[in-house]
Amino acid sequence: MKKTRQQERDMKESVLKDNMHETLKTSLLKWLPAPSRLETAIEGLAISRYDEEVSATRCFYTPMVALVVQGFKRSMIGDHEANYGALHCVTVGIDMPGVFHVTDASPQAPFLSLSVKLDRRIVAQLMTEDPSIVAAGEGDWNPVAVDEAGKELLQAFVRLVELLDTPSRIPVLAPMILREIHYYLLCGSQGRCLRLFSTTGTQANQIAEAISWLREHYADSLNMEDLARRVNMASSTFNRHFKQVTSLSPLQFQKRLRLYEAERLMLQEGKDAGTAALMVGYESGSQFNREYKRQFGAPPRRDVTKKRS
């Protein structure tokens, strides 16, 4: 039976995606000969490898897109569930607390992924330059989107990773490819969560600005009314919309930021619990211990010892 032109085009695209898939796997395995996470020479591009299943791991997501090259990952970002496997990606439009779980990984077929930090300024510039990608009446405030990566987006990812082989070209070409990735995301099904939080003057954008401020000033004392005024919102409206986006109140969000950073300071920088508590803004060691245990299930010292072992 003779194939239609559409079937032929679909077959060609499938072969092209298979080739790009193999190219990405080969490149990531070359840069990651053993399990690790690497912040590459291209600012904002990180690559990861796991050779075994990873139990629930807490993290703080920034605006980013992450592509799974091999394996499967389950994430809970705020109260949004995101499950994705090979050649699927998740896009996160704002800073969000989360937990991820790698469920498909082995030394023979390691979990491989790459992530690219996204810049709301680039998103806003692109929307100004190409108004056709701005959609009106975009529905609910969902900051997380999952979908299969399209051909053009995959091609951009491949070129970005291959650029690591020619470091001298990175300063010139990387910004162009990163801008291209932003553009393809905006034009696709995952663009809504980026457009929503990057459109100046919208309530969603005001919440995004407040979250960015909290990320930078999490160790400072927090006055809700001052924060609401900072983004030109009434306190009641601000609190309602903040919780709608993040599933947390501003105070809970700040507390989560402090505790996650304290955990990182103890695990990665070897700080003791008292020092970590002061660095993230706690004045009372007993309050820090109480809230840490409530969040992580054990007091700081015991929790860190267990995780290190």
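Quick caveat: nothing in here was measured; it's all calculated off a predicted structure. Just so you know, these numbers use all the heavy atoms, side chains as well, and skip hydrogens, waters and symmetry mates.
- Counting only heavy atoms from C-beta outward, the side chains of Arg179 and Met176 never approach each other to under 4.5 Å.
- The closest donor-acceptor contact from the side chain of Gln206 to the backbone of Val231 lies under 3.5 Å.
- Taking the side-chain hydrogen bond (donor to acceptor under 3.5 Å, both in side chains) definition, one finds that Thr237 meets it with nothing, sequence neighbours left out.
- Grouping the Ile, Leu, Val, Met, Phe, Trp and Tyr side chains by contacts below 4.5 angstrom, directly or via other members, places Phe72 apart from Val99.
- For the pair Arg301/Pro299, no side-chain contact is recorded, criterion being any heavy-atom separation below 4.5 Å from C-beta on.
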Report task. Check the pair Val146, Asn83 against side-chain contact (heavy atoms from CB on, under 4.5 Å), reporting the backbone distance first and the verdict last. Result -> CA-CA 8 Å; Val146 177; Asn83 302 320; over 6 Å; no
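- Glu291 and Gln287 form a side-chain donor-acceptor contact under 3.5 Å, judged by distance and modelled atom types alone.
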Requested in this report: Decide side-chain contact (heavy atoms from CB on, under 4.5 Å) for Leu24 and Val158; before the verdict, give the C-alpha distance in whole Å, the side-chain angles of both, and the deciding distance to 0.1 Å.
Outcome: CA-CA 6 Å; Leu24 282 171; Val158 169; 3.7 Å; yes
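- The shortest non-hydrogen separation linking Glu39 to Ala46 is OE1-CB, 3.8 Å.
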Requested in this report: Take Leu87 and His21 through the side-chain contact (heavy atoms from CB on, under 4.5 Å) test and state the conclusion after the steps.
Outcome: CA-CA 7 Å; Leu87 297 190; His21 191 191; 3.8 Å; yes
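- Taking all atoms of both residues into account, the shortest heavy-atom contact from Gln252 to Ser249 is OE1-N, 2.8 Å.
- Under the 3.5 Å distance criterion, the side-chain polar atoms of His241 are left unmatched by any main-chain donor or acceptor of Ala204.
- Using a 4.5 Å cut-off on side-chain heavy atoms (C-beta onward), Tyr84 and Leu67 make no contact.
- Using a 4.5 Å cut-off on side-chain heavy atoms (C-beta onward), Asp95 and Pro63 make contact.
- For Lys17 (side chain) and Leu154 (main-chain N/O), no donor-acceptor pair under 3.5 Å exists by modelled atom type.
- Taking a 6.0 Å sphere around CD of Glu52, one finds it holds 12 or fewer heavy atoms contributed by other residues, nucleotides or ligands.
- A distance of 9.0 Å separates NZ of Lys255 from CD of Gln295, quoted to the nearest 0.5 Å.
- Clustering ILVMFWY residues whenever any of their side-chain heavy atoms sit less than 4.5 angstrom apart, transitively, puts Val172 in the very cluster that holds Ile122.
- Two residues are said to be in side-chain contact when any heavy atoms from C-beta on lie closer than 4.5 Å; Val245 and Phe197 meet this criterion.
- Judged by the 6.0 Å and 45° rule, Arg256 forms no cation-pi pair with Phe60.
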Report task. Go through the steps to decide whether Arg169 and Glu162 satisfy the test salt bridge (Lys or Arg N to Asp or Glu O under 4.0 Å), and finish with yes or no. Result -> CA-CA 11 Å; Arg169 298 182 180 182; Glu162 289 183 332; over 6 Å; no
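- Relative orientation of the His217 and Trp213 rings is parallel, given thresholds of 30° and 60° on the angle between their planes.
- With 3.5 Å as the limit, one finds a donor-acceptor pair spanning the side chains of Asp272 and Thr275.
- Under the 30°/60° scheme for interplanar angles, the aromatic rings of Phe253 and Phe242 are found to stand perpendicular.
- There is a path of hydrophobic side-chain contacts, each under 4.5 Å, that joins Leu178 to Met20.
- Asp130 places a side-chain heavy atom less than 4.5 Å from the side chain of Tyr183.
- Heavy-atom minimum distance, Leu251 versus Met224: N-CE, 3.9 Å.
- Listed here is the closest heavy atom pair of Val144 and Val90: CG1-CG2, 3.8 Å.
- Lys271 and Glu261 are not joined by a salt bridge, as no carboxylate oxygen comes within less than 4.0 angstrom of a charged side-chain nitrogen.
- Residue-environment remark: NZ (Lys306) stays at or below the threshold of 12 foreign heavy atoms within 6.0 Å.
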Requested in this report: Quick one: do Asp119 and Lys117 satisfy salt bridge (Lys or Arg N to Asp or Glu O under 4.0 Å)? Show the steps, please.
Outcome: CA-CA 7 Å; Asp119 188 332; Lys117 290 182 180 178; over 6 Å; no
Requested in this report: Begin with the C-alpha distance, continue with both residues' side-chain angles, and end with the deciding distance and a verdict on salt bridge (Lys or Arg N to Asp or Glu O under 4.0 Å) for Glu180 and Arg159.
Outcome: CA-CA 11 Å; Glu180 194 178 340; Arg159 285 187 281 109; 2.5 Å; yes
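- Using a 4.5 Å heavy-atom cutoff, the side chains of Arg230 and Leu227 are in contact.
- Atom CD of Gln254 and atom CG of Leu222 lie 4.5 Å apart (nearest 0.5 Å).
- A distance of 7.0 Å separates CG of Leu32 from CG of Leu112, quoted to the nearest 0.5 Å.
- Here the straight-line distance linking atom OG1 of Thr128 with atom CD of Gln125 works out to 8.0 Å at 0.5 Å rounding.
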Requested in this report: Evaluate the criterion salt bridge (Lys or Arg N to Asp or Glu O under 4.0 Å) for residue pair Asp226 and Arg229; output intermediate values, then yes/no.
Outcome: CA-CA 5 Å; Asp226 288 346; Arg229 278 195 297 270; 2.3 Å; yes
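- Among Ile94, Ile77, Ile211, the one residue that satisfies the side-chain contact (heavy atoms from CB on, under 4.5 Å) test with Pro143 is Ile94.
- Qualifying side-chain hydrogen bond (donor to acceptor under 3.5 Å, both in side chains) partners for Asn19, counting only residues two or more places apart in sequence or in other chains: none.
- Minimum interatomic distance between Lys307 and Phe296 (heavy atoms only, all atoms of both residues): NZ-CD2, 3.7 Å.
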**Report entry** Test log, rule side-chain contact (heavy atoms from CB on, under 4.5 Å), inputs Leu163 and Thr166
**Finding:** CA-CA 5 Å; Leu163 196 56; Thr166 52; 3.7 Å; yes
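- Atom CG in Leu248 sits 7.5 Å away from atom CE in Met96 (nearest 0.5 Å).
- Remark: the backbone N or O of Ser198 is not paired with any side-chain donor or acceptor of Arg120 at under 3.5 angstrom.
- Linking ILVMFWY residues whenever their side-chain heavy atoms come closer than 4.5 Å, directly or via other members, places Val116 and Ile42 in the same cluster.
- With contacts defined as side-chain heavy-atom distances shorter than 4.5 Å, the pair Leu29/Arg49 qualifies.
- Val304 and Leu278 are not part of a single hydrophobic cluster, where members link through side-chain heavy atoms under 4.5 Å apart.
- Glu283 CD: 12 or fewer foreign heavy atoms inside a 6.0 Å radius.
- Expressed to the nearest 0.5 Å, how far CD1 of Ile47 lies from CG of Leu28 amounts to 4.5 Å.
- When all heavy atoms of Pro250 and Leu214 are compared, the closest pair comes out as O-CD1, 4.3 Å.
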